[in-house]
Amino acid sequence: HVQLVESGGGSVQPGGSLSLSCVVSGSTTSLNCMGWFRQPTGKEHEGVASIDLFHGATNYADFVKGRFTIVEDNAKSTMFLQMNNLRSDDTGVYYCAAAPGYITPWHVRNHYRLWGQGTQVTVS
């Protein structure tokens with residue numbers, strides 16, 4: 001039984017940085033793609049970034065390009081999201097997600113089968 005657990009959220013001033021982690025418990029062999037989504041208060045989920053676990057290819061939403069970096073440490077079964085130059089509109093609950101097969105497009109929420117519980121990021 002695979003589970004995802006996020007950590008690393010918190011409060012930071014604009015321009016600051018945070019690093020989120022997503023630990024995968026259980027077998028990861030069935031997973032092909034992982035991603036980060038966020039949900040600003042009162043808004044829909046939006047895709048932030050994704051990574052192909054086999055090829056390492058990454059995707060980013062335009063609003064985080066150049067500021068956020070998604071990486072995966074297969075040995076530790078952990079995915080990270082390094083967030084730099086944070087802005088107030090980055091505030092929201094951040095979720096990690098995983099998909100068992102190839103998915104396209106990467107930013108569609110329903111393509112992901114597994115979800116973490118979410119971690120709050122507040123920029124103010």
Side-chain angles (χ1 to χ4, degrees):
H1 182 61
V2 181
Q3 290 185 313
L4 309 179
V5 179
E6 305 101 333
S7 63
S11 296
V12 66
Q13 294 182 342
S17 298
L18 283 174
S19 181
L20 305 182
S21 300
C22 175
V23 176
V24 183
S25 64
S27 174
T28 61
T29 58
S30 62
L31 303 179
N32 187 80
C33 178
M34 294 189 69
W36 288 96
F37 284 71
R38 70 186 187 188
Q39 186 175 25
T41 301
K43 297 184 178 180
E44 296 292 323
H45 282 77
E46 53 188 16
V48 175
S50 74
I51 185 166
D52 182 307
L53 299 180
F54 290 98
H55 303 103
T58 57
N59 295 286
Y60 294 94
D62 287 343
F63 50 77
V64 302
K65 281 182 179 177
R67 300 187 300 123
F68 291 13
T69 303
I70 185 171
V71 296
E72 181 261 340
D73 185 337
N74 188 51
K76 297 181 179 180
S77 298
T78 304
M79 179 180 64
F80 302 93
L81 184 68
Q82 177 63 40
M83 306 184 293
N84 297 326
N85 193 20
L86 283 160
R87 309 183 307 214
S88 58
D89 58 1
D90 292 319
T91 295
V93 179
Y94 283 68
Y95 299 88
C96 70
Y102 175 75
I103 59 172
T104 186
W106 66 271
H107 55 82
V108 175
R109 180 187 179 191
N110 289 342
H111 288 170
Y112 295 80
R113 299 272 185 89
L114 299 172
W115 290 83
Q117 81 286 356
T119 185
Q120 177 71 44
V121 171
T122 302
V123 185
S124 64

* Asked: Can you list every salt bridge (Lys or Arg N to Asp or Glu O under 4.0 Å) pair that touches residues 94-106, not counting sequence neighbours?
  -> none
* Side-chain heavy atoms of V24 within contact of L114, under 4.5 Å -> no
* Asked: Any donor-acceptor pair under 3.5 Å linking the side chain of H111 with the backbone of P105?
  -> yes
* Excluding sequence neighbours, so at least two apart, what forms side chain to side chain donor-acceptor pair (under 3.5 Å) with Q120? -> T122
* **Q82 and S17, any side-chain heavy atoms less than 4.5 Å apart** => yes
* Using salt bridge (Lys or Arg N to Asp or Glu O under 4.0 Å) as the criterion, list what pairs up with R87, not counting sequence neighbours. => D89
* For G47 and A61, which heavy atoms make the closest approach, and how far apart are they? -> O-CB, 3.4 Å
* Shared ILVMFWY cluster between F63 and L18, side chains joined below 4.5 angstrom? -> yes
* Point-to-point distance, once rounded to the nearest 0.5 Å, from CD1 of I103 to CG of N32 -> 8.0 Å
* To do: Hey, could you give me each pair passing salt bridge (Lys or Arg N to Asp or Glu O under 4.0 Å) that has a residue in residues 17-40? Not counting sequence neighbours.
  => R38-E46, R38-D90
* To do: Would you please say whether a donor-acceptor pair under 3.5 Å links the side chains of D73 and T78?
  => no
* Straight-line distance of M83 CE to L20 CG, nearest 0.5 Å -> 3.5 Å
* Transitive ILVMFWY side-chain link L81 to V12, under 4.5 Å -> yes
* For the atom pair CZ (F54) and CG (L31), what is the distance rounded to the nearest 0.5 Å? -> 8.5 Å
* Structure fact -> Those residues at least two apart in sequence (or on a different chain) that pass salt bridge (Lys or Arg N to Asp or Glu O under 4.0 Å) with K65 are D62
* Kindly indicate, with the supporting measurements, whether the criterion side-chain contact (heavy atoms from CB on, under 4.5 Å) is fulfilled by I51 and W106. => CA-CA 9 Å; I51 185 166; W106 66 271; over 6 Å; no
* Asked: Just how far is it from atom OG of S30 to atom CG of L53, taken to the nearest 0.5 Å?
  -> 10.0 Å
* **Counterpart residues, ring-ring contact (aromatic ring centres under 6.0 Å, His included), relative to Y112 (two or more places apart)** => F37
* Are F80 and I70 connected, step by step, through hydrophobic side chains (Ile, Leu, Val, Met, Phe, Trp, Tyr) whose heavy atoms are closer than 4.5 Å? -> no
* To do: With side-chain contact (heavy atoms from CB on, under 4.5 Å) as the test, would you mind laying out the steps for E6 and L4 before giving the verdict?
  => CA-CA 7 Å; E6 305 101 333; L4 309 179; 5.8 Å; no
* Measure the spacing between CZ of R113 and SG of C33 and express it to the nearest 0.5 Å. => 13.0 Å
* Asked: Can you tell me how far the CD atom of Q39 sits from the OH atom of Y95, to the nearest 0.5 Å?
  -> 5.0 Å
* Asked: Parallel, tilted or perpendicular: which fits the ring planes of H45 and W115, with parallel below 30° and perpendicular above 60°?
  -> perpendicular
